[in-house]
Number of protein chains: 2
Amino acid sequence: MATLKYSRQRESIREFVMNSREHPTADTVYAGIKAEFPNISLGTVYRNLSLLVDLGEIAKITTGDGPDRFDCNTKPHSHFICTQCHNITDIEASEFDCMKEKVAEGFDGKITGHMTTFYGICKECLEAKKIKKTS
Amino acid sequence: MATLKYSRQRESIREFVMNSREHPTADTVYAGIKAEFPNISLGTVYRNLSLLVDLGEIAKITTGDGPDRFDCNTKPHSHFICTQCHNITDIEASEFDCMKEKVAEGFDGKITGHMTTFYGICKECLEAKKIKKTS
DNA sequence: GTCAATGCAAACCATTTGCACTGGG
DNA sequence: CCCAGTGCAAATGGTTTGCATTGAC
């Protein structure tokens with residue numbers, strides 16, 4: 001495989017995701033580093049994001065609605081996705097039990113990824129709704 | 001909201017998914033009922049599948065790689081997706097604990113969906129690989 | 001007769017890819 | 001120099017949508 005070469009763009013993309021608490025989309029990353037690299041292209045952002053995912057430095061979150069999001073937290077954990085505002089909240093992983101069972105069955109030797117996603121309406125959106133109703 | 005009207009196409013689509021053990025894609029459903037409805041269009045299949053999902057009669061599985069899959073099992077449960085052969089295996093849901101915690105925090109009153117997905121290599125693919133290596 | 005559902009094609013949108021050019025080693 | 005990385009634009013692929021027509025009620 002090709003030897004990895006340094007690239008200022010990739011560093012900036014990594015930095016951006018690492019300092020993000022918001023699980024940014026490729027587009028958000030793109031917009032976020034546009035100031036530093038006015039000519040950067042979306043293609044480059046996508047290429048580097050998936051490279052960083054392959055390197056295990058960041059994680060990709062498939063949401064099921066809207067674009068993929070990226071996460072600086074690569075430790076196995078779960079997500080709560082608000083179906084209204086699309087915010088993603090981390091949830092500590094605490095349940096590998098059923099997976100372990102499968103492994104015990106000889107199902108898998110190499111778990112390449114793990115994701116648990118809960119969909120619902122977040123506290124903030126619930127409150128916002130209530131306020132609207134009452135007024 | 002519009003009153004629901006009977007449609008032979010929709011019945012056929014529901015039947016197909018209900019009798020599927022394979023978590024079919026929209027395209028698989030399309031191909032599967034093409035014999036019965038030679039002129040059916042993919043658009044109709046997509047429209048009815050998402051209608052059935054909204055009615056809660058079937059469930060949509062977002063895989064993160066490749067097209068969405070549909071599931072006749074609407075009870076909360078988890079999936080194991082093989083990254084090689086793309087087969088999906090059901091896993092009994094056994095961990096609502098962290099979700100319940102969130103609810104207790106006042107996070108959510110209406111859980112609109114739940115999905116846990118494990119990615120890995122299934123037993124069959126692992127064995128196939130071993131055989132190849134040895135020969 | 002009315003309005004939901006269909007078939008078809010075009011549109012959409014996130015993501016990927018081909019290619020000529022730039023830049024790190 | 002060489003080959004990885006970039007920018008750009010075009011292509012891809014799953015899914016959605018607009019519209020005229022058909023069919024359920």
Side-chain angles (χ1 to χ4, degrees), chain A residues 1-17 23-55 57-71 81 83 86 88 117, chain B residues 1-17 23-55 57-71 81 83 86 88 117:
Chain A
M1 290 88 174
T3 326
L4 202 61
K5 275 180 189 171
Y6 173 88
S7 117
R8 297 192 303 126
Q9 287 90 332
R10 187 187 307 129
E11 278 320 297
S12 177
I13 289 167
R14 174 197 279 119
E15 276 306 288
F16 188 91
V17 176
H23 309 90
T25 65
D27 225 72
T28 306
V29 175
Y30 175 65
I33 62 177
K34 204 75 187 282
E36 195 182 350
F37 298 95
N39 294 329
I40 199 168
S41 73
L42 246 188
T44 297
V45 173
Y46 274 106
R47 264 188 295 243
N48 280 306
L49 283 172
S50 61
L51 181 54
L52 292 170
V53 169
D54 289 346
L55 293 173
E57 304 195 23
I58 64 176
K60 181 158 85 166
I61 309 170
T62 298
T63 64
D65 78 321
D68 290 345
R69 316 274 292 248
F70 296 87
D71 195 338
I81 302 184
T83 52
H86 302 279
I88 299 183
T117 310
Chain B
M1 291 87 176
T3 325
L4 202 61
K5 274 180 187 168
Y6 173 86
S7 116
R8 297 192 303 126
Q9 287 89 332
R10 178 156 60 235
E11 277 320 299
S12 178
I13 290 167
R14 172 196 279 121
E15 275 308 285
F16 188 92
V17 176
H23 307 91
T25 65
D27 224 72
T28 306
V29 176
Y30 175 65
I33 62 177
K34 204 73 187 283
E36 195 181 351
F37 299 94
N39 294 330
I40 198 168
S41 72
L42 246 188
T44 297
V45 173
Y46 274 106
R47 263 187 298 240
N48 280 306
L49 283 172
S50 60
L51 181 55
L52 292 170
V53 169
D54 290 347
L55 293 174
E57 304 196 23
I58 63 176
K60 181 158 82 165
I61 310 171
T62 298
T63 63
D65 78 321
D68 289 346
R69 315 275 290 249
F70 296 88
D71 195 339
I81 303 183
T83 52
H86 303 279
I88 299 184
T117 310

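For clarity, every value in this text was computed on a predicted model and none was experimentally measured. To find a chain, count down the sequence lines: A is the first, B the second, and so on, and within it residues start at 1.
Remark: B/Arg69 engages no residue in a salt bridge (charged side-chain N to carboxylate O under 4.0 Å, His left out) (not counting sequence neighbours). In this structure B/Asp68 satisfies the salt bridge (charged side-chain N to carboxylate O under 4.0 Å, His left out) test together with B/Lys60, sequence neighbours excluded. The salt bridge (charged side-chain N to carboxylate O under 4.0 Å, His left out) search around B/Glu57 returns B/Arg14, not counting sequence neighbours. A/Thr63 pairs by the side-chain hydrogen bond (donor to acceptor under 3.5 Å, both in side chains) definition with nothing, not counting sequence neighbours. With sequence neighbours left out, the side-chain hydrogen bond (donor to acceptor under 3.5 Å, both in side chains) criterion links A/Thr44 to A/Ser41. Looking at residues two or more places apart in sequence or on another chain, you find no side-chain hydrogen bond (donor to acceptor under 3.5 Å, both in side chains) involving A/Tyr46.
As rounded to whole Å, 14 Å separates atom P of D/dT17 from atom CG of B/Leu51. The distance between atom CZ of A/Phe37 and atom P of D/dC8, rounded to the nearest whole Å, is 14 Å. In this structure, the OH atom of B/Tyr30 is 8 Å from the P atom of C/dC8, given to the nearest Å. In this entry the distance linking CD1 of B/Ile33 with C1' of C/dA5 reads 13 Å, nearest Å. For the pair B/Leu52 CG and C/dA5 P, the computed distance is 11 Å after rounding to whole Å. Going from atom CD1 of A/Ile13 over to atom P of C/dT15 covers 14 Å, rounded to whole Å. Regarding B/Asp54, its CG atom lies at a distance of 12 Å from the P atom of C/dA5, rounded to whole Å. Between the NE2 atom of A/His86 and the P atom of C/dC13 there is a distance of 14 Å, rounded to whole Å.
Using a 4.5 Å heavy-atom cutoff, the side chains of A/Leu4 and A/Leu55 are in contact. Between B/Thr28 and B/Phe70 there is no side-chain heavy-atom pair separated by less than 4.5 Å.
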*Footprint string (nucleotides 16-25 of chain C, 5' to 3'): B base within contact, S backbone only, - free, heavy atoms under 4.0 Å*: BBB----BBS
Got a list of side-chain donor-acceptor pairs under 3.5 Å for residues 31-40 of chain B, not counting sequence neighbours?
residue	atom	partner	partner atom	Å
B/Lys34	NZ	B/Tyr30	OH	3.1
B/Glu36	OE1	B/Ser12	OG	3.0

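Contact between the side-chain N/O atoms of A/Asn48 and the OP1/OP2 oxygens of D/dT6 is found at a separation under 4.0 Å. A sub-4.0 Å separation between OP1 or OP2 of D/dG23 and a side-chain N or O of B/Gln9 is absent.
Overall bending of the helix from C/dG1-D/dC25 to C/dG25-D/dC1, expressed as the angle between end axes built from five pairs apiece, is 30° (10° steps).
Within the 4.0 angstrom heavy-atom criterion, no nucleotide atom of any strand lies near B/Asp27.
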